[in-house]
2 protein chains.
Amino acid sequence: MIKIDIANALMQALPISKATALQIVDLLTNRMKQALLDDERIEIRGFGVFEPRPRKSGQGRNIKTGQRVDIPKGRSIRFKQGKDLRGIEVK
Amino acid sequence: MIKIDIANALMQALPISKATALQIVDLLTNRMKQALLDDERIEIRGFGVFEPRPRKSGQGRNIKTGQRVDIPKGRSIRFKQGKDLRGIEVK
DNA sequence: GTTCCCATGATCAAGATCGATATCGCGAAT
DNA sequence: ATTCGCGATATCGATCTTGATCATGGGAAC
């Protein structure tokens, strides 16, 4: 599923054009990006929670040279699946 | 940021009611949930990728009883942040 | 606006999994 | 059709994962 698929789902359920649907998707993702970049957590019950969290990790490895590389602390976004997505049966 | 905040952002940018905005948010999250439950990956360039993946884990521990608990293989949703969310500066 | 209900966070340990890097091929997005 | 983000890959330390229970607050009903 990619952006277009989501937009299609939207325009099928609402009386809007695909262009508008795409606008909406972009709008939402942009707002969410802003929030996450602003270190704000996003919680949508039933779906999941996006939580920006500091990462200190340690060191990785440069595949080319094989040498170790220090991984700066930085920050990562953790997505914790909500109840509706938990307990998924293994197919 | 919670569902209402997202809906507000939507209604501020588009000529729609808050009720409609909420509908849209629910619609999107529901469709995404369906896709994920259907073992489908969701990719939105720049934002991130939701990827259902099998988990085999091993065993955890029940805090109450202190006894080990077998962690069933199940499935988890991994969210990999896109380029726009990577390289977040540490504040 | 106000209230009620139930999803979520925190907590334990230990083992599975992730993340960062560089390059290229593929495919998402325009 | 063009552009440019993403997957795959290797290593290994940091981080996530599960279950039970209470407190908190998301979010929906009134």
Side-chain angles (χ1 to χ4, degrees), chain A residues 1-8 18-19 21-27 29-30 33 40-88 90, chain B residues 1-8 18-19 21-26 29-30 33 35 40-88 90:
Chain A
M1 171 179 266
I2 56 180
K3 206 185 275 187
I4 298 175
D5 298 313
I6 300 179
N8 280 329
K18 178 178 288 189
L22 277 173
Q23 266 182 53
I24 293 177
V25 177
D26 281 331
L27 200 61
T29 54
N30 283 328
K33 277 193 289 190
E40 195 182 343
R41 71 181 249 136
I42 300 178
E43 176 171 344
I44 299 177
R45 299 254 168 151
F47 181 68
V49 180
F50 294 87
E51 187 166 18
R53 53 199 346 273
R55 196 174 35 61
K56 44 191 171 187
S57 228
Q59 52 188 208
R61 181 166 298 260
N62 184 323
I63 286 189
K64 294 289 288 183
T65 63
Q67 65 188 348
R68 289 151 173 254
V69 286
D70 190 46
I71 296 178
K73 32 189 172 353
R75 176 167 297 157
S76 71
I77 309 293
R78 194 169 88 84
F79 173 73
K80 180 184 284 187
Q81 51 192 311
K83 189 195 180 191
D84 296 351
L85 288 179
R86 255 176 273 151
I88 304 178
V90 176
Chain B
M1 169 180 266
I2 56 181
K3 207 185 273 187
I4 298 175
D5 298 312
I6 300 179
N8 280 328
K18 179 177 288 189
L22 277 173
Q23 269 183 50
I24 294 178
V25 177
D26 281 332
T29 55
N30 283 328
K33 276 194 290 191
E40 195 182 342
R41 69 180 249 131
I42 300 178
E43 176 171 344
I44 299 178
R45 298 255 167 150
F47 181 68
V49 179
F50 295 87
E51 186 166 20
R53 53 200 348 269
R55 270 186 63 272
K56 44 190 170 187
S57 234
Q59 51 187 209
R61 183 168 297 261
N62 184 323
I63 284 191
K64 295 289 289 183
T65 63
Q67 66 189 346
R68 289 152 170 255
V69 286
D70 189 45
I71 296 179
K73 33 188 170 358
R75 177 165 295 157
S76 71
I77 308 293
R78 193 168 87 84
F79 173 72
K80 181 183 284 188
Q81 51 193 309
K83 189 194 180 191
D84 296 350
L85 287 179
R86 255 176 271 151
I88 303 177
V90 176

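Letters A, B, ... mirror the listed sequences (proteins, then strands); counts begin at 1.
- Summarising the geometry, the separation between CD1 on B:Ile2 and P on D:dT24 is reported as 18 Å, rounded to the nearest angstrom.
- Protein atom CZ of A:Phe79 is 11 Å distant from nucleotide atom P of C:dG9, rounded to whole Å.
- If you measure from atom CD1 of A:Ile42 to atom P of C:dT8, you get 15 Å, rounded to the nearest angstrom.
- One distance of note links CD1 of B:Ile2 with CZ of A:Arg41; it measures 10.5 Å at 0.5 Å rounding.
- Taking the side chain as every heavy atom from C-beta outward, A:Asn8 and A:Lys18 approach each other to under 4.5 Å.
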Check the interface with nucleotides 3-5 of chain D: list each N/O to N/O pair with the protein under 3.5 Å, or write none.
unit_1 : atom_1 : unit_2  : atom_2 : d
D:dG5  : OP1    : B:Lys83 : NZ     : 3.2
D:dG5  : N2     : B:Arg45 : NH1    : 3.4
D:dG5  : N2     : B:Arg45 : NH2    : 3.1
D:dG5  : N3     : B:Arg45 : NH1    : 2.5

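- Note: A:Asp26 CG to B:Phe47 CZ = 12.0 Å, rounded to the nearest 0.5 Å.
- To the nearest 0.5 Å, the span separating CD on B:Glu51 from OG on B:Ser76 amounts to 9.5 Å.
- Contact annotation: A:Arg78 side-chain N/O to C:dC18 OP1/OP2 distance is not under 4.0 Å.
- Separating the CD1 atom of A:Ile77 from the C1' atom of D:dC16 is a distance of 16 Å, rounded to the nearest angstrom.
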Listing time: all N or O pairs from protein to nucleotides 28-30 of chain D that are below 3.5 Å?
unit_1 : atom_1 : unit_2 : atom_2 : d
D:dA28 : OP1    : B:Lys3 : NZ     : 3.0

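- For B:Gln23 and D:dG27, the CD to C1' distance is 16 Å, given to the nearest whole Å.
- The two residues B:Ala35 and B:Ile42 have their closest heavy-atom pair at CB-CD1, 4.1 Å.
- Rounded to an integer number of Å, the gap from A:Ile6 CD1 to C:dA29 C1' is 13 Å.
- Note: A:Phe50 and A:Phe79 have tilted aromatic rings, judged against thresholds of 30 and 60 degrees for the angle between ring planes.
- Closest to the side chain of A:Arg53, from the set D:dT15, C:dT17, D:dG7, is D:dT15.
- If you take CZ of B:Phe47 and P of D:dC6, they are 12 Å apart, rounded to a whole angstrom.
- Regarding contacts with the backbone of C:dG9, a side-chain N or O of A:Lys80 is found under 4.0 angstrom from either OP1 or OP2.
- Closest to the side chain of A:Val49, from the set C:dT8, C:dA29, D:dG7, is C:dT8.
- Between A:Ile44 and B:Ile6 there is a side-chain heavy-atom pair separated by less than 4.5 Å.
- Remark: P of D:dC6 and CZ of B:Arg41 are 10 Å apart, rounded to the nearest angstrom.
- In this structure A:Leu27 satisfies the side chain to side chain contact (heavy atoms under 4.5 Å, CB included) test together with B:Leu10, B:Ala13, B:Leu14, sequence neighbours excluded.
- The closest donor-acceptor contact from the side chain of A:Glu40 to the backbone of B:Met1 lies under 3.5 Å.
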